[in-house]
Amino acid sequence: MLRHGAFDGFFVSSKNSGTHWMLYMFSVALADTYGIPRPVYFSENATRPYVGFATDAPVYAQLPRLGKSHSIPHQLADWAWARKAMKLPPYVLCVRHPMGILASHYAKWQDDIQVSWLDYLRGDPAGKQFRCDLYWIARFWNRWGDIHAAYPGKVRVLQYEATRINPRAALEAMAQHWGVALTPEAIQAALQAGTKEAMAKRIDPEAEPNVLQNRRETLDELFTGEAMEIYAERVRDLVRHDLGYDLFSPPVSEVRPSALRAHT
């Protein structure tokens with residue numbers, strides 16, 4: 001975080017929370033607003049000239065300097081004097097319901113993980129077996145939840161599920177929080193570029209596979225019986241902040257229609 005003071009804004013996201021999608025759309029909107037080339041692909045590397053890592057040098061001098069990270073914040077971010085000394089920028093925190101994160105991550109990396117769904121849900125407290133599990137989610141959510149609770153005006157939470165429903169509002173919220181003036185035409189172009197059909201034509205041949213995925217099971221199908229018991233126990237024990245979610249019920253957008261009718 002010591003480098004973050006050089007930036008006008010930072011995008012921090014939990015894993016499997018629509019990061020590639022959101023940053024690709026925002027990068028397209030930046031490109032069209034500032035009259036520079038759009039990213040060729042939607043991959044992490046392709047959007048780095050527009051929203052880069054903390055160690056990246058600026059590519060387009062006319063753009064606001066924006067950064068991205070999956071990192072858990074340093075303890076210095078808790079202290080007001082340290083935040084002032086480091087001149088930390090406003091943060092957009094992009095999150096997704098933990099059930100959705102777990103299901104998406106397992107679907108994406110199942111061939112590499114090579115454990116059962118139940119064993120994956122049990123997780124690894126040491127943080128060595130999986131790139132992302134409930135223990136990683138808890139560490140990320142707890143630390144960023146602490147920062148959001150202490151400095152709510154400095155951290156804008158964007159929920160992936162709400163962004164799927166209204167991506168225009170999400171792009172506008174990001175721009176407003178960072179003080180970036182995107183043109184309406186650029187936002188509209190970004191929304192068109194951010195459809196799954198359009199992005200399927202922008203897959204980076206050098207990027208990791210399986211970013212665009214179509215998981216078959218809904219969350220209410222995955223989180224039932226023993227799976228739900230394991231998940232609920234871990235969440236109760238580990239997670240301090242809900243970040244606006246009901247952590248023990250799947251979001252409506254990821255539930256079978258028949259299951260919704262059964263509860264009406």
Requested in this report: For residues Trp117 and Tyr106, establish whether the separation of their ring centroids is below 6.0 Å.
Outcome: yes

Query raised in the report: Do you know the tightest heavy-atom contact between Phe7 and Gly67?
Result: CD2-N, 3.5 Å

Query raised in the report: Do Gln129 and Val115 have side-chain heavy atoms sitting under 4.5 Å apart?
Result: yes

Report task. Using the side chain to side chain contact (heavy atoms under 4.5 Å, CB included) rule, take Leu121 and Phe223 through it: C-alpha gap first, then chi angles, then the decisive distance, then the call. Result -> CA-CA 10 Å; Leu121 286 180; Phe223 289 88; 4.0 Å; yes

Query raised in the report: Between Asn45 and Ser43, is any side-chain donor less than 3.5 angstrom from a side-chain acceptor?
Result: no

Query raised in the report: Ignoring hydrogens and geometry, is there a side-chain-to-backbone donor-acceptor pair from Asp242 to Leu247 under 3.5 Å?
Result: no

Requested in this report: Starting from the C-alpha separation in whole Å, work towards a yes-or-no answer on side chain to side chain contact (heavy atoms under 4.5 Å, CB included) for Tyr24 and Arg202.
Outcome: CA-CA 10 Å; Tyr24 177 64; Arg202 296 289 179 179; 3.6 Å; yes

Query raised in the report: Looking at Tyr120 versus Trp109, is the centre-to-centre ring distance below 6.0 Å?
Result: no

Report task. Find out whether Val95 and Leu158 are in side-chain contact, i.e. whether some heavy atom of one side chain is under 4.5 Å from a heavy atom of the other. Result -> no

Query - Pair Ser27, Thr47: side-chain N/O donor-acceptor within cut-off below 3.5 Å - result: no

Query raised in the report: How many angstroms lie between atom NE2 of His148 and atom NZ of Lys154, to the nearest 0.5 angstrom?
Result: 13.5 Å

**Report entry** Rounded distance [0.5 Å steps], CE in Met99 versus OG1 in Thr218
**Finding:** 11.5 Å

Query - Side-chain heavy atoms of Ser14 within contact of Ile137, under 4.5 Å - result: no

Query raised in the report: Would you say the side-chain atoms of Thr183 pair up with the backbone N or O of Thr33, donor to acceptor, closer than 3.5 Å?
Result: no

Query raised in the report: Taking atom OG of Ser17 and atom CD of Glu161, what is their separation to the nearest 0.5 Å?
Result: 8.0 Å

Report task. Examine distances only and state if a side-chain atom of Asp32 and a backbone atom of Leu182 form a donor-acceptor pair shorter than 3.5 Å. Result -> no

Query raised in the report: So which heavy atom on Gly123 is nearest to which on Asp133, and how close?
Result: CA-OD2, 3.4 Å

Report task. State whether the side chain of Lys15 and the backbone N or O of His105 hold a donor-acceptor pair below 3.5 Å, judged by distance alone. Result -> no

Query raised in the report: Between Pro89 and Arg65, is any pair of side-chain heavy atoms under 4.5 Å apart?
Result: no

Requested in this report: Evaluate the criterion side chain to side chain contact (heavy atoms under 4.5 Å, CB included) for residue pair Tyr160 and Trp21; output intermediate values, then yes/no.
Outcome: CA-CA 10 Å; Tyr160 168 75; Trp21 175 49; 4.2 Å; yes

Query raised in the report: Is there side-chain contact between Ser69 and Tyr91, with at least one heavy-atom pair below 4.5 Å?
Result: no

Query raised in the report: Ion pair present between Arg122 and Glu233, side-chain N to carboxylate O less than 4.0 angstrom?
Result: no

Report summary line: For Ala198 and Gln192 the tightest heavy-atom approach is CB-O, 3.5 Å

Query raised in the report: What's the spacing between Trp136 CH2 and Ile72 CD1 if we round to 0.5 Å?
Result: 6.0 Å

Report summary line: On a heavy-atom basis, the closest approach of Tyr231 and Pro98 is OH-CB, 3.7 Å

Report summary line: CG (Leu30) and CG (Leu66) are apart, to the nearest 0.5 Å, by 6.0 Å

Query raised in the report: Going through the distances and angles, do Trp178 and Arg156 end up as a side chain to side chain contact (heavy atoms under 4.5 Å, CB included)?
Result: CA-CA 10 Å; Trp178 291 332; Arg156 175 66 183 266; over 6 Å; no

Requested in this report: Following the transitive rule for hydrophobic clusters with a side-chain heavy-atom cut-off under 4.5 Å over Ile, Leu, Val, Met, Phe, Trp and Tyr, establish whether Tyr41 and Met25 coincide in one cluster.
Outcome: no

Query raised in the report: Heavy-atom distance under 4.5 Å between the side chains of Leu171 and Leu191, does that happen here?
Result: yes

Query raised in the report: Tell me, do Trp144 and Ile147 make a side-chain contact under 4.5 Å, heavy atoms counted?
Result: yes

**Report entry** Side chain His97, main chain Gln159, donor-acceptor under 3.5 Å
**Finding:** no

Report summary line: Distance col, row His20:NE2 vs Asp204:CG, nearest 0.5 angstrom, shows 9.0 Å

Query raised in the report: Taking the six-membered ring of Phe53 as reference, does the NZ or CZ atom of Lys68 fall below 6.0 Å from its centre and within a 45° cone about the axis?
Result: yes

Query raised in the report: Any donor and acceptor pair, going by atom type alone, linking the side chain of His241 with main-chain N or O of Asp146 inside 3.5 Å?
Result: yes

Query raised in the report: Are Phe26 and Tyr50 close enough that their ring centres sit under 6.0 Å apart?
Result: no

Query raised in the report: Does the Arg96 side chain pair with the main chain of Gly18, one donor and one acceptor, at a distance under 3.5 Å?
Result: no

Report summary line: All heavy atoms of Ala54 vs all of Phe10, minimum pair found to be CB-CZ, 4.1 Å

Query raised in the report: For residues Ser13 and His70, is any side-chain donor paired with an opposing acceptor at under 3.5 Å?
Result: yes

Query raised in the report: What is the minimum heavy-atom distance between Asp8 and Pro90, and which atoms define it?
Result: O-CD, 3.4 Å

